[in-house]
Number of protein chains: 2
Amino acid sequence: MKLSQKTKYALRALQVLAREREPVRIATLAEREDIPRKFLEHILLELNNHGILSSRRGRGGGYQLRKQPEDVCLGDVVRLFDGPLAPTSCSSERAFRACDDCKDPDGCALRGVMREVRDATARILDNLSLADLNQRADAVARLTPGGR
Amino acid sequence: MKLSQKTKYALRALQVLAREREPVRIATLAEREDIPRKFLEHILLELNNHGILSSRRGRGGGYQLRKQPEDVCLGDVVRLFDGPLAPTSCSSERAFRACDDCKDPDGCALRGVMREVRDATARILDNLSLADLNQRADAVARLTPGGR
DNA sequence: GATAAAGTTGATAGAATCGGTAGAGATATG
DNA sequence: CATATCTCTACCGATTCTATCAACTTTATC
């Protein structure tokens, strides 16, 4: 499961939005996080359409988190942009599909292995919220004051 | 880390070669495992060039495992065809590279998370050999006799 | 209600990757 | 030498990824 640029941008933007609880304009986000503006529009729109963000148009508008930062987990974001966590479709929990050339998924030894990988990944990403992520970032920042 | 078709083909071929300790022809492997022949040539060649297989040309030739089935782990095969196990280059152990747009890898909270994912994946794939995989396949086959 | 700020949408495009094919070349064996 | 087999280089079509553009719609404020 290679993380796409899109997902990385999304998570960076969400980290900001999890802190600011006021609407933030696309332009501001794009500048602060150094994300191509037009590309970011797509990303935020998709997050909006999936109920993670809400938007307000017009003056004073922008995007803000619709849920609580504790209630958005990394797994959800990754799945939204990069698809199922599982390495093969046959090992996916939420999006199972037998592999095209697989005669018998239940007799496939590889599938068992890949289910282990998926489960391990999901255990990490589904138990980590935006709030946790920001908390970690703060913890690291305290350890290396001055940054860079 | 989505598993490519190439990797799946490679593992299927290796499972066969881990059982037969005689040279097996490309054509035979392609037929038995239902893999496009020309595509399989590439795959076996790459495994050969990386010291996992050895080859013999001419009559009676073919490919065979160069190492012991216990000494080839899934992690090696996956890395060969699909690249590093880590979800981001900055979280890779063997192929670390700072992300293009990352100012400070050490201060990146996401990186820490992705290292956890990488480690969990590696722990599974690097501790499982071809021999283990075949053993698992046999175990499943015994549970569902008749197959299919 | 005019106007401007802001989000929404669809089309497009270049680059990279993936799955696969073609064919000539090299080499071992009988 | 003839044949069987692997080796190597090039190429192709489809898809995905990243990103950009232009046009449109909605809303806040004056």
Side-chain angles (χ1 to χ4, degrees), chain A residues 1-13 17 22-31 33-66 78 80-84 87-89 99-101, chain B residues 1-13 17 22-31 33-66 78 80-84 87-89 99-101:
Chain A
M1 192 230 14
K2 194 115 309 171
L3 225 56
S4 67
Q5 193 62 34
K6 218 168 176 176
T7 303
K8 284 194 261 179
Y9 286 156
L11 287 174
R12 293 226 307 258
L17 291 170
E22 299 285 297
V24 182
R25 286 182 307 133
I26 291 183
T28 307
L29 271 175
E31 199 180 337
E33 291 298 316
D34 203 39
I35 301 173
R37 191 222 156 101
K38 285 298 197 175
F39 198 32
L40 182 58
E41 286 184 13
H42 284 295
I43 293 168
L44 296 177
L45 187 56
E46 206 161 344
L47 288 167
N48 188 6
N49 291 338
H50 278 77
I52 295 177
L53 295 181
S54 65
S55 68
R56 247 175 54 196
R57 294 202 246 212
R59 264 186 245 269
Y63 281 99
Q64 61 185 344
L65 220 55
R66 189 187 308 232
V78 172
L80 177 55
F81 292 107
D82 287 343
T88 62
S89 68
C99 296
D100 291 333
D101 57 341
Chain B
M1 192 237 6
K2 194 117 309 175
L3 224 57
S4 67
Q5 194 61 37
K6 218 168 176 176
T7 302
K8 285 193 258 178
Y9 286 156
L11 287 174
R12 293 226 308 259
L17 290 170
E22 297 287 297
V24 182
R25 287 182 308 134
I26 293 180
T28 308
L29 273 174
E31 199 180 336
E33 290 299 315
D34 205 37
I35 302 172
R37 190 223 155 102
K38 280 299 199 176
F39 198 31
L40 182 58
E41 286 185 12
H42 283 296
I43 295 167
L44 296 177
L45 190 56
E46 207 161 343
L47 288 167
N48 187 5
N49 291 338
H50 279 75
I52 296 177
L53 295 182
S54 64
S55 69
R56 250 178 51 196
R57 293 201 246 212
R59 260 186 247 269
Y63 281 100
Q64 59 186 345
L65 220 55
R66 191 187 306 233
V78 172
L80 177 56
F81 292 107
D82 288 342
T88 63
S89 68
C99 295
D100 292 333
D101 57 341

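Note that the structure is predicted; figures quoted are calculated from it, not measured. Proteins get letters first, then strands, A, B, ... in listed order; numbering begins at 1 in each. Side-chain atoms are counted along with the backbone in the values below, which use heavy atoms only and exclude waters and symmetry mates.
- The separation between A:Lys6 atom NZ and C:dA16 atom C1' is 16 Å, rounded to whole Å.
- Residues from residues 37-54 of chain A placing a heavy atom under 4.0 Å of any atom in DNA chain D, listed by number, are A:Lys38, A:Phe39, A:His42.
- Atom CZ in A:Phe81 sits about 13 Å away from atom P in D:dA19, given to the nearest Å.
- A:Arg37 and A:Ala30 make their closest contact through CA-CB, 3.9 Å (heavy atoms, listed as atom of the first residue, atom of the second, distance).
- Contact between the side-chain N/O atoms of B:Arg59 and the OP1/OP2 oxygens of C:dA28 is not found at any separation under 4.0 Å.
- Counting heavy atoms of neighbouring residues, nucleotides and ligands inside a 6.0 Å radius, atom CD of A:Glu31 does not exceed 12 of them.
- In this structure, the side chain of B:Lys2 does not engage the main chain of B:Asp82 through any donor-acceptor pair within 3.5 Å.
- Straight-line distance from the NZ atom of A:Lys2 to the C1' atom of D:dT16: 15 Å, rounded to whole Å.
- Atoms CZ (B:Arg25) and C1' (D:dT3) sit 13 Å apart, rounded to a whole Å.
- Among all heavy-atom pairs drawn from A:Lys8 and B:Cys99, the shortest one is NZ-SG, 3.7 Å.
- The main-chain N or O of B:Phe39 is never found under 3.5 Å from a side-chain atom of B:Lys6 such that the two would form a donor-acceptor pair.
- Counting all heavy atoms, side chain and backbone alike, A:Gly61 lies closest to A:Arg25 at O-CG, 3.7 Å.
- Map B:Gly62 and A:Gly60 each onto its nearest nucleotide of DNA chain D; the residue landing nearer the 5' end is B:Gly62.
- When every heavy atom of A:Ala13 is checked against every heavy atom of A:Leu44, the shortest pair comes out as CB-CD2, 4.4 Å.
- A:Arg56 places its CZ atom 9 Å from the C1' atom of D:dA28, with the value rounded to the nearest Å.
- Between B:Asp101 atom CG and D:dC17 atom P the separation is 17 Å, expressed in whole Å.
- Taking atom CG of A:Asp82 as the reference point, atom C1' of D:dT16 lies 11 Å away to the nearest angstrom.
- Separating the CD atom of A:Gln5 from the P atom of D:dC17 is a distance of 12 Å, rounded to the nearest angstrom.
- Nucleic acid contact for B:Tyr9: sugar-phosphate only, since backbone atoms but no base atoms lie under 4.0 Å from a heavy atom of the residue.
- A:Arg57 comes within contact range of at least one nucleobase, with a heavy-atom separation under 4.0 Å.
- The side chain of A:Ser4 places no N or O atom within less than 4.0 Å of a non-bridging phosphate oxygen (OP1 or OP2) of D:dT16.
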